[in-house]
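Before any comments, here is the structure.
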Amino acid sequence: MALLGRLSSSTPPFQSANPNSSVQKQVFTINCSSNSQKASPFTEKHSIERYQRDSWVYKSKLPQPSCSCQLPSDQEFVRDYDIAMQLPELKKLLEVLREKRRNENGCERKGPGNVFLVGTGPGDPELLTIKALRVIESADLLLYDRLVSNDVLNLVGPNANLLYVGKTAGYHSRTQQEEIHELLLSFAEAGATVVRLKGGDPLVFGRGGEEMDFLQQQGIEVKVIPGITAASGIAAELGIPLTHRGVANSVRFLTGHSRKGGTDPLFVAENAADPDSTLVVYMGLSTLPSLASKLMYHGLPDDTPAAAIERGTTPQQRIVFAELKDLADEIAKNQLVSPSLIMIGKVVALSPLWPYAIIETSTLVESR
């Protein structure tokens with residue numbers, strides 16, 4: 001992880017101040033790269049190398065884009081050929097894999113291949129586990145999501161095939177979860193070593209449980225390799241203890257997604273508005289205004305420390321610190337984009353990066 005770079009604040013970040021001074025009301029943003037517009041480390045913007053690595057799926061006789069065309073930007077991201085268009089090539093790959101698995105007697109090896117659900121962490125490739133790295137290097141086929149960083153994908157073995165099955169905000173390919181299930185099953189039945197790469201941890205808002213359940217019902221053994229979930233990885237990067245004696249006695253992970261879309265979060269209950277708990281919101285940029293309002297309505301103080309972190313643990317990381325009542329406006333003002341994580345709770349003020357007065361944050365820790 002790069003050292004913290006430019007600090008955008010009109011006052012020194014750790015300046016002591018009167019609790020009633022205007023310093024407390026300022027919003028503090030941190031960019032960990034001198035160029036905050038640097039290309040995303042995630043796959044919503046494909047590099048030339050990544051596109052060429054995936055090109056095996058475009059070698060059918062279906063109409064193809066010119067190889068010389070420039071790849072789309074984040075805002076224009078549309079994957080021209082998704083699973084539905086790639087099926088002819090996938091069938092060819094299945095035959096190749098079956099041939100590869102034949103033994104010296106010319107008999108096809110009996111029994112299904114291995115399926116691994118692998119968490120790749122929040123973005124920094126150095127947070128990948130050794131076990132995950134071994135599996136990634138030995139796979140025949142890897143299905144990967146948008147939030148798997150390009151640095152992680154560069155670790156894939158030279159003989160493996162990559163297949164993108166992710167979705168991005170505002171764009172959903174024709175790839176549905178059921179199609180992913182069938183792909184995993186088909187290749188496992190062909191004897192392939194199949195790796196399903198997921199950002200963070202596969203069993204934390206990654207739908208890994210659904211994929212595991214489906215495959216196990218079909219008699220396929222699934223091995224899960226955990227990853228560092230974004231909450232833990234990003235909190236550690238910022239020096240925020242998710243729990244802290246006398247400050248926060250529990251932590252709760254929430255999804256900001258609404259099952260039917262829209263601006264209302266899927267789950268906000270009265271017991272989520274607990275001042276002695278830490279809330280970590282995944283995928284919550286669009287629903288944060290509603291979430292914040294409901295939390296404050298149910299009793300969470302409007303001056304609760306909060307932070308939003310874009311592209312956490314990567315060189316492109318950007319952070320916005322603010323009180324809960326101001327956070328949504330400041331996220332919009334600073335134009336944070338997905339993937340971003342939101343942390344809400346008194347522990348946020350324990351971060352050494354918290355910009356407000358030290359005298360204020362020191363009072364959070366109660367002696368016991």
Side-chain angles (χ1 to χ4, degrees), residues 1 40-44 46-59 83 86 89-90 92-104 108-109 111-166 180 183-204 206-208 211-212 215 220-230 232-233 313-315:
M1 182 60 210
S40 170
F42 300 103
T43 55
E44 72 268 20
H46 287 69
S47 66
I48 296 293
E49 293 80 7
R50 179 63 48 230
Y51 188 80
Q52 290 173 343
R53 181 62 184 271
D54 288 349
S55 65
W56 69 272
V57 297
Y58 304 120
K59 292 179 181 177
I83 296 296
Q86 295 163 10
E89 288 304 315
L90 291 173
K92 292 179 184 178
L93 179 61
L94 278 170
E95 292 302 321
V96 171
L97 289 172
R98 290 190 180 104
E99 183 65 28
K100 179 180 177 182
R101 293 290 180 171
R102 294 183 190 279
N103 61 28
E104 60 274 11
E108 189 169 340
R109 191 187 74 175
N114 297 314
V115 175
F116 296 88
L117 301 183
V118 178
T120 63
D124 182 351
E126 293 186 351
L127 295 178
L128 199 67
T129 67
I130 295 174
K131 189 172 185 179
L133 178 60
R134 284 203 299 263
V135 170
I136 288 172
E137 291 175 336
S138 64
D140 295 313
L141 175 68
L142 298 99
L143 284 66
Y144 65 97
D145 283 346
R146 181 175 71 95
L147 297 185
V148 177
S149 70
N150 283 311
D151 287 337
V152 170
L153 292 175
N154 288 336
L155 301 173
V156 172
N159 297 319
N161 292 114
L162 286 163
L163 181 62
Y164 177 76
V165 293
I180 295 173
L183 281 169
L184 293 170
L185 177 62
S186 296
F187 282 96
E189 288 179 336
T193 297
V194 185
V195 171
R196 179 75 166 97
L197 292 178
K198 293 175 175 290
D201 183 275
L203 302 184
V204 179
R207 303 189 74 170
E211 294 168 8
M212 180 170 58
L215 291 169
I220 303 296
E221 182 181 0
V222 180
K223 298 179 181 178
V224 180
I225 300 178
I228 296 177
T229 188
S232 296
T313 77
T314 74

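We use all heavy atoms of the structure for the numbers below, so side chains are in, but hydrogens, waters and symmetry mates are not. Here the structure is a predicted model, which means the values were calculated and not measured. Residue numbers start at 1 and run along the sequence shown.
Of the residues Val156, Leu141, Val195, Val148, the one that meets the side-chain contact (heavy atoms from CB on, under 4.5 Å) test with Leu162 is Val156. When each of Asn161, Leu197, Leu184 is checked for a side-chain contact (heavy atoms from CB on, under 4.5 Å) with Leu143, only Leu184 meets the rule.
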Does the side-chain contact (heavy atoms from CB on, under 4.5 Å) test come out yes or no for Leu153 and Tyr144, once each step is laid out?
-> CA-CA 9 Å; Leu153 292 175; Tyr144 65 97; 3.6 Å; yes

Going through the distances and angles, do Ile136 and Val152 end up as a side-chain contact (heavy atoms from CB on, under 4.5 Å)?
-> CA-CA 9 Å; Ile136 288 172; Val152 170; 4.3 Å; yes

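Inter-residue side-chain proximity for Glu211 and Lys198 is flagged as met; some heavy-atom pair is nearer than 4.5 Å. For the pair Leu203/Pro226, no side-chain contact is recorded, criterion being any heavy-atom separation below 4.5 Å from C-beta on. Here the side chains of Ile228 and Asp201 are not in contact, with every heavy-atom distance at 4.5 Å or above. Looking only at side-chain heavy atoms (C-beta outward), Ile180 and Arg207 stay at 4.5 Å or farther from each other. Between Pro41 and Asn150 there is no side-chain heavy-atom pair separated by less than 4.5 Å.
A donor-acceptor distance shorter than 3.5 angstrom exists from the side chain of Thr129 to the backbone of Ala132, with no hydrogens or angles considered.
Closest heavy-atom contact between Asp151 and Pro125: CB-CG, 3.6 Å. For the pair Leu142 and Ala160, the tightest heavy-atom approach, listed with the atom from each and the gap, is CD1-CB, 3.6 Å.
Note that CD of Glu189 and CG of Leu215 are 9.5 Å apart. Values are rounded to the nearest 0.5 Å.
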